[in-house]
Asks: 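For reference, the structure I am asking about is given below.
None of the values given here were measured: they were computed from a predicted structure. Only this structure's heavy atoms are used, side chains among them; waters, hydrogens and symmetry mates stay out. Residue numbers start from 1 in every chain, and the chains themselves are labelled A, B, ... in the order their sequence lines are given, proteins ahead of strands.
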2 protein chains.
Amino acid sequence: MQKESNAKKFGAYIDRTMKIIRHNYLQKFKELGVDLTTEQWVIMDILYGQAGLSQQDLATTSFKNAPTVSRIIDLLCKKKITERKPFANDRRKHKIFLTETGIALYQKLQPSVVELRKQGWQNLEEKDYTEFVRIIGQIYANYEEQ
Amino acid sequence: MQKESNAKKFGAYIDRTMKIIRHNYLQKFKELGVDLTTEQWVIMDILYGQAGLSQQDLATTSFKNAPTVSRIIDLLCKKKITERKPFANDRRKHKIFLTETGIALYQKLQPSVVELRKQGWQNLEEKDYTEFVRIIGQIYANYEEQ
DNA sequence: TGAATATATTTGCTATGGCAACTATTGCTA
DNA sequence: TAGCAATAGTTGCCATAGCAAATATATTCA
């Protein structure tokens, strides 16, 4: 069908897999009675490990753009999951924190998320992970501006 | 950091890679002076190979849902790239076709898309593709309802 | 210092995507 | 055949995402 390393169709695999992952996270959260999207979880997950990041930091870490992070933080603040605090030496910035509520919610959901990650890796080995990260990391690198 | 095949973090790799692929397609189309999104291209690509599919067929093939396909076809029809024709024996359905304009546009863009696919596979081998499809296919399967 | 630049965030516009509800039509079956 | 269930498509609502422009604040440099 195709010769050599030419014109491989990998986009559709990546697309459909990202969609089904999001779907499974969303379903799990709904099952647990929690109104949270997968992308909101991603932000919570980062903040749990690194409290007080700026929105720009969050954008970089989550591979989202600044407006998207701004809106996700808006929604999370409305739900009392995060809060914005002033940055000491720079009044342009906010430090973002999980609230008590946010931390409790994170800890409630975390085991299910670990289960979801395990589910995704069923029938796959440790060395498959190395391979997967190598290959998809190379694809990413191939598209980065030089 | 993590033991055995437990709790692998693969979602972020998939997410950022999908985003950078979309970005590169979009930039290339803009470079060529064509107002087209990556997802619109996906639909054109399917229709070029299989003219006259129903919207439901397109949804299944593209891993999109019916409302999304409906709206993409709306946009493509506005741009005179596709057209809806009645289905012979079922008045609920439409057959979707690329117009002359759509076919010409497809043929104009197609070589650049092949180049983009090649670019994504730089520094990767034939056997990497086999591995990649096996692993990401398994992840997908792990999340499908049984 | 003051002007030009750069950075952090927000807002507006549009597209994609998920879900639920709705319409129109078809198919099934009592 | 009448009624009901299933299917195809559309529409509405909201979240994510990309891009551009706007605002506020910081930094740099002449």
Asks: Would you say A:Tyr48 and A:Gln110 are linked by a side-chain donor-acceptor pair, where the criterion is simply a distance under 3.5 Å?
Replies: no
Asks: Is the shortest side-chain N to carboxylate O distance from A:Lys8 to B:Asp128 below 4.0 Å?
Replies: no
Asks: If you find the nucleotide of DNA chain D closest to A:Thr38 and the one closest to A:Arg92, which residue's nucleotide is nearer the 5' end?
Replies: A:Thr38
Asks: For B:Ile21 and D:dA17, what is the distance between atoms CD1 and P respectively, to the nearest whole Å?
Replies: 15 Å
Asks: OP1 or OP2 of D:dT10 sitting under 4.0 Å from any side-chain N/O of B:Arg84?
Replies: yes
Asks: Take the protein atom CD of B:Gln55 and the nucleotide atom P of D:dG9, then report the distance between them rounded to whole Å.
Replies: 5 Å
Asks: Measure from CG on B:Asp90 to P on D:dT7 and round the result to the nearest Å.
Replies: 12 Å
Asks: Please tabulate, one pair per line, each protein N/O and nucleotide N/O from nucleotides 19-23 of chain D that are separated by under 3.5 Å, including the distance.
Replies:
from   : atom 1 : to      : atom 2 : distance (Å)
D:dC19 : OP1    : B:His23 : ND1    : 3.3

Asks: Please identify each residue that fulfils salt bridge (charged side-chain N to carboxylate O under 4.0 Å, His left out) with A:Lys93, with sequence neighbours left out.
Replies: none
Asks: Going 5' to 3' along DNA chain C, between which two nucleotides do contacts with chain A fall, using a heavy-atom cut-off of 4.0 Å?
Replies: C:dA6 to C:dC19
Asks: Mind checking salt bridge (charged side-chain N to carboxylate O under 4.0 Å, His left out) for A:Lys79 and listing every partner two or more places apart, or none if nothing turns up?
Replies: A:Asp35
Asks: Hydrogens and angles aside, do A:Asp57 and A:Ser54 bring a side-chain donor and acceptor to less than 3.5 Å of each other?
Replies: yes
Asks: Let me have the donor-acceptor pairs involving side chains of residues 95-106 of chain A, under 3.5 Å, with sequence neighbours excluded, atom names and distances please.
Replies:
from     : atom 1 : to       : atom 2 : distance (Å)
A:Thr99  : OG1    : A:Lys80  : O      : 2.6
A:Thr99  : OG1    : A:Ile81  : O      : 3.2
A:Thr99  : OG1    : A:Thr101 : N      : 3.3
A:Thr99  : OG1    : A:Gly102 : N      : 2.9
A:Tyr106 : OH     : A:Asp45  : OD1    : 2.7

Asks: In whole angstroms, how far is the P atom of D:dC13 from the CG atom of A:Leu75?
Replies: 17 Å
Asks: The criterion is side chain to side chain contact (heavy atoms under 4.5 Å, CB included); which residues satisfy it with B:Glu115, sequence neighbours excluded?
Replies: B:Lys118
Asks: Establish, with yes or no, whether the OP1 or OP2 oxygen of D:dA17 is under 4.0 angstrom from a side-chain nitrogen or oxygen of A:Lys64.
Replies: yes
Asks: Taking a hydrophobic cluster as the set of Ile, Leu, Val, Met, Phe, Trp and Tyr residues connected by side-chain heavy atoms closer than 4.5 Å, whether directly or through intermediates, do A:Leu32 and A:Leu26 fall within one such cluster?
Replies: no
Asks: Could you state the atom-to-atom distance from NE2 of A:His94 to P of D:dA26 in whole Å?
Replies: 12 Å
Asks: Please determine, for the side chain of B:Ser70, which listed nucleotide (D:dT11, D:dA8, D:dA17) has the closest atom?
Replies: D:dT11
Asks: Starting at atom CD1 of B:Ile14, determine the distance to atom P of D:dT16, rounded to an integer number of angstrom.
Replies: 19 Å
Asks: Distance check needed: D:dT16 P versus A:Met18 CE, whole Å only.
Replies: 12 Å
Asks: Atom NZ of A:Lys93 to atom C1' of D:dA26: distance rounded to whole Å?
Replies: 10 Å
Asks: Is A:Asp15 paired with A:Lys19 through a side-chain N to carboxylate O contact shorter than 4.0 Å?
Replies: yes
